[in-house]
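Reminder, nothing fancy here: chain letters follow the sequence lines and each chain counts from 1.
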Number of protein chains: 2
Amino acid sequence: MGARVTMRDVAQAVGMSPMTVSRALRDDRTVNAKTRAKVRQVADDLGYVYDSTAQAFRTQKSGFVAVTLPSVNNANFAETFRALTNGLGESGLQLLLGSTNYRVEREEELVRQLLTRNPEALVLTGGHHTDETRKLVQGRDLPVIEMWDLPTDPLGHVVGFSNSDAMDHIVEHLAQTGRRKLAFVGASEGADMRGAVRRAGAVEAARARGLPAVAMIDAGPAPVSMRHGAAVIETMGREVAQYDALVCVSDPVAFGCLSAVQRMGLSVPDDLAITGFGHFEVAKVSNPRITTVDVQAEDIGRQVVSLLHGIFNEEIDAPVRIDVGSALVVGETS
Amino acid sequence: MGARVTMRDVAQAVGMSPMTVSRALRDDRTVNAKTRAKVRQVADDLGYVYDSTAQAFRTQKSGFVAVTLPSVNNANFAETFRALTNGLGESGLQLLLGSTNYRVEREEELVRQLLTRNPEALVLTGGHHTDETRKLVQGRDLPVIEMWDLPTDPLGHVVGFSNSDAMDHIVEHLAQTGRRKLAFVGASEGADMRGAVRRAGAVEAARARGLPAVAMIDAGPAPVSMRHGAAVIETMGREVAQYDALVCVSDPVAFGCLSAVQRMGLSVPDDLAITGFGHFEVAKVSNPRITTVDVQAEDIGRQVVSLLHGIFNEEIDAPVRIDVGSALVVGETS
DNA sequence: CCGCCAATTGTTATCGATAACATGATACCG
DNA sequence: CGGTATCATGTTATCGATAACAATTGGCGG
């Protein structure tokens with residue numbers, strides 16, 4: 001139990017040099033097949049565990065891909081993360097995950113920390129970063145991918161969709177079905193950038209179609225979820241009936257609103273339309289089903305994976321920009 | 001942009017030895033305050049980034065805590081994970097996350113991979129593991145914590161609750177409110193161990209109270225969620241009305257069932273009671289609110305953190321077993 | 001039987017930070 | 001003013017795996 005078992009120990013046990021052991025364990029075909037088998041056997045017997053730290057140090061390849069997410073407690077981000085884990089795991093890469101809690105300052109701190117681990121690539125969620133983050137990232141010869149957004153001034157590669165376009169789909173749909181007085185339900189100004197872009201998208205889309213100005217319903221600081229949607233509507237009470245449609249920043253918020261609206265005896269979509277964002281499971285299962293936008297979280301993850309493969313195989317040099325798009329999913333709440 | 005900046009480079013630039021730089025950057029007070037400031041300054045100017053890999057290698061302390069979760073796409077596990085990240089982040093520890101997809105074989109593979117990174121502790125979700133996993137873990141001088149369960153034969157420390165006790169609370173409540181014909185809705189036999197234990201708990205609790213045998217409704221392979229709950233009930237159709245209560249393996253499944261049951265015109269709880277598990281947000285917001293069991297996901301995370309702190313400060317030697325308990329939350333579906 | 005090639009194994013140096021020990025400079029005491 | 005404590009910095013060796021190069025063996029053609 002005392003000292004750890006190293007390659008040197010295994011080498012001594014089989015009566016060969018550490019180098020041969022190193023090669024054998026990596027299945028190097030220049031090592032005799034019998035020797036390889038024997039080394040494997042002895043390593044197992046001794047309970048040898050490979051030291052990735054030492055390897056990472058020596059080869060200067062960490063085997064890590066660093067990823068930042070606003071929150072892991074979000075089915076969509078979790079889905080993207082899953083796709084990344086599975087895809088990169090097959091290439092022997094491990095994910096180093098950090099949560100920004102929807103704050104760019106926290107992101108900066110995280111990136112600083114993640115970079116000390118020598119990741120082979122950095123995957124950031126969103127296109128808004130502090131200047132310091134930009135500096136940190138750009139000084140290094142490190143592939144960077146921003147996802148879930150289409151920034152105008154990208155750090156490197158991009159795999160995402162336009163949040164404002166997606167919002168435009170929603171408003172277009174509402175306008176076509178005769179809704180005019182819209183209210184946007186989202187987080188307070190400030191923290192959540194994607195949320196802010198969606199809000200702006202809704203405002204602009206309404207303006208472009210000659211609808212009245214979009215009212216703002218503040219569900220509190222990001223991240224906002226089901227309970228915040230429900231709470232803000234409960235607080236408003238019947239006043240909410242003055243609107244034709246509640247345009248929510250996400251499906252969970254929409255579900256909270258829906259539930260609260262139903263509890264006060266209003267009918268959706270007869271008295272009021274409600275729309276969400278993200279095509280979460282709850283939108284498909286709720287009663288009525290929520291009209292939303294599918295942003296293909298899993299596809300984003302898969303695209304990032306194949307992009308990274310391209311980068312590691314040196315098939316890609318110039319920055320790539322992939323728009324995975326978004327699609328309106330009409331439910332029963334509009 | 002070519003070669004990376006190391007401590008040696010910083011040292012050369014300030015005209016001191018690398019050792020002094022090392023000390024200065026770690027805020028060692030034996031280094032003159034002015035020198036420290038200067039070193040900091042120069043390091044910044046050169047764009048120096050600390051190499052944690054080298055540190056981990058030299059000191060044999062990785063700064064990692066390895067964690068396995070069945071899935072990150074589950075609000076409860078995500079919540080525990082968040083608590084771990086925040087709590088351990090304050091001590092400068094980073095989490096290495098792996099998802100087992102609810103399979104012990106995948107867990108084994110993951111543990112093997114995670115161990116090569118020399119984590120300072122290993123946190124596993126659940127108390128069921130392959131023999132190989134047990135061997136891997138026990139051979140080493142590594143703190144192990146199993147969480148979300150109370151295994152009878154623990155690998156080390158434990159922070160969890162009894163899934164069968166929790167299920168007993170539910171069945172007790174249903175029995176008291178006059179429900180007799182129960183059906184358990186969960187994943188197929190096999191993969192998800194916590195689910196299996198809950199099922200067994202429900203069966204046993206019903207038996208102990210002289211209720212008829214619990215029917216089994218198979219919602220498909222783990223992980224099961226909202227849509228699986230809804231789908232299986234839709235497939236059953238009105239047959240579901242033969243039961244007094246649907247005891248679901250989790251809140252999302254319960255919500256799916258609830259939604260499907262409502263769609264076919266049945267009333268909950270009048271025609272049928274529905275219960276969930278885990279006190280997910282959806283249970284609080286749905287309409288009606290779902291009767292469930294609160295398992296305090298965040299508290300589990302916090303307890304694990306303080307346990308780890310105790311271990312690292314060598315205040316703890318013998319294996320610790322913490323039962324965070326679980327509490328019935330009566331909603332409107334029963 | 002010599003020489004050369006292929007197959008297999010070994011030797012040495014190294015990645016960057018830091019623990020342990022050593023050294024030089026300065027202050028302070030009786 | 002000698003001697004010792006204190007402060008500030010330097011030297012050396014090291015963590016484990018592996019790239020680059022070196023060496024040994026056996027086989028086979030001529």
Less than 6.0 Å separating the ring centroids of A:Phe81 and B:Phe81?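 So the answer is no for these two rings.
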
Side chain to side chain contact (heavy atoms under 4.5 Å, CB included) involving A:Arg8 - partner list, sequence neighbours excluded: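 Listed in chain order: A:Thr6.
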
Identify, with sequence neighbours excluded, every residue that meets side chain to side chain contact (heavy atoms under 4.5 Å, CB included) alongside B:Thr116.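 Only A:Tyr50, A:Ser52 meet the side chain to side chain contact (heavy atoms under 4.5 Å, CB included) criterion with B:Thr116.
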
Which residues share a salt bridge (Lys or Arg N to Asp or Glu O under 4.0 Å) with A:Arg117, sequence neighbours left out: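 Expected list: none.
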
Among all residues two or more places apart in sequence or in another chain, which pass the salt bridge (Lys or Arg N to Asp or Glu O under 4.0 Å) test with A:Asp51?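 A:Asp51 satisfies salt bridge (Lys or Arg N to Asp or Glu O under 4.0 Å) with A:Arg4 only.
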
Output the residues of residues 11-23 of chain B in contact with DNA chain C, where contact means a heavy atom of the residue under 4.0 Å from an atom of the strand; sort by number or write none.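 When residues 11-23 of chain B is checked for heavy atoms under 4.0 Å from DNA chain C, the hits, listed by number, are B:Met19, B:Ser22.
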
So if I take residues 40-55 of chain A and measure heavy-atom distances to DNA chain C, which residues fall below 4.0 Å?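 Residues of residues 40-55 of chain A that come under 4.0 Å of DNA chain C do not exist, since none gets that close.
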
Between B:Arg302 and B:Asp299, is there a side-chain N and carboxylate O pair less than 4.0 Å apart?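 Salt bridge between B:Arg302 and B:Asp299, a charged N being under 4.0 Å from a carboxylate O: yes.
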
Answer yes if the side chains of A:Arg26 and A:Ser22 hold a donor-acceptor pair under 3.5 Å, and no otherwise.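 Distance-only check passes for A:Arg26 and A:Ser22.
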
Regarding A:Glu107 and A:His128, do their side chains bring together a donor and an acceptor under 3.5 Å, going by distance alone?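 No donor-acceptor contact under 3.5 Å links the two side chains.
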
For A:Phe57, ring-ring contact (aromatic ring centres under 6.0 Å, His included) partners two or more places apart: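 In terms of ring-ring contact (aromatic ring centres under 6.0 Å, His included), with neighbours along the sequence ignored, A:Phe57 is linked to B:Phe57.
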
Under 4.0 Å, heavy atom to any atom of DNA chain D: which of residues 111-120 of chain A qualify?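 Result for residues 111-120 of chain A: none.
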
Residues from residues 26-33 of chain A lying under 4.0 Å of DNA chain D - heavy atoms: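 A:Arg26, in order of number.
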
What side-chain donor-acceptor pairs closer than 3.5 Å can you find for residues 307-314 of chain B, not counting sequence neighbours?
from: B:His309; atom 1: NE2; to: B:Ser91; atom 2: OG; distance (Å): 2.6
from: B:Asn313; atom 1: ND2; to: B:His309; atom 2: O; distance (Å): 3.2

Where do A:Asn76 and A:Trp148 come nearest, in terms of heavy atoms and distance?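 Nearest pair, atom of A:Asn76 first, then A:Trp148: CB-CH2, 3.5 Å.
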
Closest approach of B:Thr53 to A:Ala56 (non-hydrogen atoms, all atoms of both residues):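 That would be CG2-CB, 3.8 Å.
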
Take A:Arg58 and B:Thr6, find for each the nucleotide of DNA chain C with the closest heavy atom, and name the residue whose nucleotide sits nearer the 5' end.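 Nearest-nucleotide comparison on DNA chain C picks A:Arg58.
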
Testing B:Thr125, B:Val324, B:Val158 one by one against B:Met147 for a side-chain contact (heavy atoms from CB on, under 4.5 Å), which residue passes?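 Testing each of B:Thr125, B:Val324, B:Val158 against B:Met147, the sole residue satisfying side-chain contact (heavy atoms from CB on, under 4.5 Å) is B:Thr125.
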
Interface limits on DNA chain C, where chain B has a heavy atom under 4.0 Å of a nucleotide atom: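 Extent of the interface on DNA chain C: C:dG16 to C:dA20.
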
Under the side chain to side chain donor-acceptor pair (under 3.5 Å) rule, what pairs show up with a residue in residues 57-73 of chain B, not counting sequence neighbours?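 Passing the test, one end in residues 57-73 of chain B: A:Glu79-B:Asn73.
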
Value rounded to 0.5 Å, distance of CG in A:Leu150 from CD1 in A:Ile322: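 With rounding to 0.5 Å, CG (A:Leu150) is 10.5 Å from CD1 (A:Ile322).
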
